[in-house]
Number of protein chains: 2
Amino acid sequence: MEKQHNLSKNQKIIFDLIDKSHEPLKAYSILFNVQKKGINAPLQVYRALDKLVEIGKIHKIESRNAFIACQNSSCQISKATAFSICESCEKVSEISNTKLSKYLLNFTDEAGMKYSKYNLEFFGLCKKCKSKE
Amino acid sequence: MEKQHNLSKNQKIIFDLIDKSHEPLKAYSILFNVQKKGINAPLQVYRALDKLVEIGKIHKIESRNAFIACQNSSCQISKATAFSICESCEKVSEISNTKLSKYLLNFTDEAGMKYSKYNLEFFGLCKKCKSKE
DNA sequence: TAACACTATGTAATAATATAACATTTAAAA
DNA sequence: TTTTAAATGTTATATTATTACATAGTGTTA
């Protein structure tokens, strides 16, 4: 059994918003959307985001400064993340591919180092945008 | 022969600074360091950085909002980048590994998509920091 | 050379992203 | 119940990045 994380009030509000969204959300857009629920300050948002990232419920898309819910039910504390990002419509999908993650977690650099944590972002055009070209 | 990019005055000043540095530099630290050379405003720095990234002379370390010179003499327009980042001392190294880049450029997702562009950041402890633990 | 297009520069203002510092409250554990 | 850790609330501020507008240089081609 995985460890169950009981989300606090603010964490739950913010996770629910991100989880319902079909696109990555930015911190200040989250703030704007939760002000009616009593979350007034950026720091309240960032603290919840930090915690949610830490426990693997959401991921940060580094190149976009935005956050999405983890799509991979099996990844609780996800230190190995991969995403595809459409450079036209900005659609982001999480990639859950066992072969890929195994390959990367086993990757050894020139100095013989292995890495238990990585973030990979693929860029291109999604199918929709490709067909419109 | 690769296309030769003649850097403009500001681009050269900023590239030289980054290239001499042994660590990733942040935009405002760059600004501070080039003010004696007549570059006064953030935008002048960001414009040069944008161009240098575009032509592959430097890369942005997305998780750190910082910039390093391309270590890979053969990558002019580098759309396929990989780095190792030490979570303790923040040392960053560019990984130039043909097998890895081939693997990633050939990676096909569940929808059958391939991606000609990616950025990969590995996290861990560098040798020095590991031995200090 | 003159006209044009394109790239780069300079400057001021401001937007967007993120953290520091401090006081208080709540929840969980001993 | 005491005490410890985690979360909250609030104000202020730091850091990162872009918009808008005016000007200057560079290279092409007519």
Side-chain angles (χ1 to χ4, degrees), chain A residues 3-18 21 23-68 77 85 87 90 92 119 121, chain B residues 3-18 21 23-68 77 85 87 90 92 119 121:
Chain A
K3 183 176 177 198
Q4 180 65 34
H5 285 278
N6 295 310
L7 300 184
S8 72
K9 176 175 142 281
N10 288 0
Q11 288 159 15
K12 190 164 182 347
I13 291 171
I14 286 171
F15 175 71
D16 286 347
L17 180 69
I18 296 173
S21 170
E23 55 183 14
L25 295 181
K26 295 180 155 244
Y28 277 72
S29 134
I30 292 168
L31 175 58
F32 179 80
N33 275 282
V34 297
Q35 277 178 332
K36 52 198 156 211
K37 304 218 173 178
I39 295 178
N40 305 301
L43 192 47
Q44 293 177 296
V45 173
Y46 280 105
R47 282 197 285 225
L49 290 174
D50 285 352
K51 186 68 183 185
L52 292 168
V53 166
E54 185 192 327
I55 64 179
K57 300 281 287 181
I58 65 172
H59 305 300
K60 183 172 188 181
I61 310 300
E62 292 287 355
S63 65
R64 300 298 187 261
N65 298 320
F67 300 84
I68 63 168
I77 297 181
I85 302 172
E87 290 184 300
E90 293 293 324
V92 172
N119 180 55
E121 298 181 1
Chain B
K3 185 178 176 194
Q4 180 65 35
H5 284 279
N6 295 310
L7 301 184
S8 72
K9 175 174 144 281
N10 288 0
Q11 288 160 16
K12 191 164 182 346
I13 291 171
I14 286 171
F15 174 71
D16 285 347
L17 181 70
I18 296 173
S21 170
E23 55 184 12
L25 295 181
K26 296 183 154 241
Y28 277 72
S29 133
I30 292 169
L31 175 58
F32 179 79
N33 275 282
V34 297
Q35 276 176 332
K36 50 197 157 209
K37 304 218 175 181
I39 295 178
N40 305 301
L43 190 48
Q44 294 177 295
V45 172
Y46 280 105
R47 283 197 285 224
L49 290 173
D50 284 352
K51 187 67 186 188
L52 291 169
V53 166
E54 185 193 328
I55 64 178
K57 299 281 288 181
I58 65 171
H59 305 303
K60 182 172 187 182
I61 309 301
E62 292 288 355
S63 65
R64 299 299 187 260
N65 298 321
F67 300 85
I68 62 168
I77 297 181
I85 301 172
E87 289 184 302
E90 293 293 324
V92 172
N119 180 55
E121 298 181 1

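Worth knowing before you read on, the calculation uses all heavy atoms, side chains too, and leaves out hydrogens, waters and symmetry mates. Every chain is numbered from 1, with letters handed out A, B, ... down the list of sequences. Every value quoted in this text rests on a predicted model; they were computed, and no experiment measured them.
B/Asp50 pairs by the salt bridge (charged side-chain N to carboxylate O under 4.0 Å, His left out) definition with nothing, not counting sequence neighbours. By the salt bridge (charged side-chain N to carboxylate O under 4.0 Å, His left out) test, B/Arg64 is found to be paired with B/Glu90, residues two or more places apart in sequence or in another chain being considered. Looking at residues two or more places apart in sequence or on another chain, you find no salt bridge (charged side-chain N to carboxylate O under 4.0 Å, His left out) involving A/Glu23. For A/Lys37, the side chain to side chain contact (heavy atoms under 4.5 Å, CB included) partners are A/Ile13, not counting sequence neighbours. Taking B/Tyr28 as the reference, B/Leu31, B/Pro42, B/Tyr46 meet the side chain to side chain contact (heavy atoms under 4.5 Å, CB included) condition, with sequence neighbours excluded. With sequence neighbours left out, A/Lys51 forms a salt bridge (charged side-chain N to carboxylate O under 4.0 Å, His left out) with A/Glu54. Residues meeting the side-chain hydrogen bond (donor to acceptor under 3.5 Å, both in side chains) test with B/Glu62, sequence neighbours left out: none. For B/Leu17, the side chain to side chain contact (heavy atoms under 4.5 Å, CB included) criterion is met by B/Leu25, B/Ile30, B/Asn33, B/Val34, not counting sequence neighbours.
Contact check of residues 31-41 of chain B against DNA chain C (heavy atom, cut-off under 4.0 Å) returns B/Asn40, B/Ala41.
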Apply side-chain contact (heavy atoms from CB on, under 4.5 Å) to B/Ile68 and B/Ile58, showing your working. CA-CA 5 Å; B/Ile68 62 168; B/Ile58 65 171; over 6 Å; no
Could you give me the CA-CA distance, side-chain angles and deciding distance for B/Ile14 and B/Leu7, then say whether side-chain contact (heavy atoms from CB on, under 4.5 Å) is met? CA-CA 10 Å; B/Ile14 286 171; B/Leu7 301 184; over 6 Å; no
Pair A/Ile61, A/Ile85 - check side-chain contact (heavy atoms from CB on, under 4.5 Å), show working. CA-CA 9 Å; A/Ile61 310 300; A/Ile85 302 172; 3.8 Å; yes
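Here C/dT26 presents its P atom at 20 Å from NZ of A/Lys12, a figure rounded to the nearest Å. Here C/dA18 presents its P atom at 10 Å from CD1 of A/Ile30, a figure rounded to the nearest Å. Rounded to whole angstrom, the span from the CZ atom of A/Phe15 across to the C1' atom of D/dA7 amounts to 19 Å. Distance CG (A/Leu7) to P (C/dA27): 14 Å, rounded to an integer number of Å. We find that CZ of A/Arg47 is positioned 11 Å from C1' of C/dA21, with the value rounded to whole Å. Here C/dA16 presents its P atom at 16 Å from CG of A/Leu25, a figure rounded to the nearest Å. Taking atom CG of A/Asp50 as the reference point, atom P of D/dA7 lies 11 Å away to the nearest angstrom. If you take CG of A/Leu52 and C1' of D/dT8, they are 15 Å apart, rounded to a whole angstrom.
Atoms CD and CD, from A/Glu121 and B/Glu121 in turn, are 7.5 Å apart once rounded to the nearest 0.5 Å.
In summary, of the residues considered (A/Asn119, A/Leu49, A/Asn65), a side-chain contact (heavy atoms from CB on, under 4.5 Å) with A/Lys60 occurs for A/Asn65 alone.
Put simply, the side chain of A/Val53 reaches to within 4.5 Å of the side chain of A/Phe67, judged on heavy atoms.
Neither OP1 nor OP2 of D/dT8 sits under 4.0 Å from any side-chain N or O of A/Gln44.
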With the sugar-phosphate defined as primed atoms, P, OP1 and OP2, and the base as all remaining atoms, what B/S/- string results for nucleotides 12-17 of chain D, 5' to 3', for protein heavy atoms under 4.0 Å? ----BB
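Comparing the start and finish of the helix from C/dT1-D/dA30 to C/dA30-D/dT1, five pairs each, the helix axis swings through 40°, to the nearest 10 degrees.
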Just the table, please: protein N/O against nucleotides 6-8 of chain C N/O, every pair under 3.5 Å.
from, atom 1, to, atom 2, distance (Å)
C/dA8, OP1, B/Gln11, NE2, 3.3
C/dA8, O3', B/Ser8, OG, 3.1

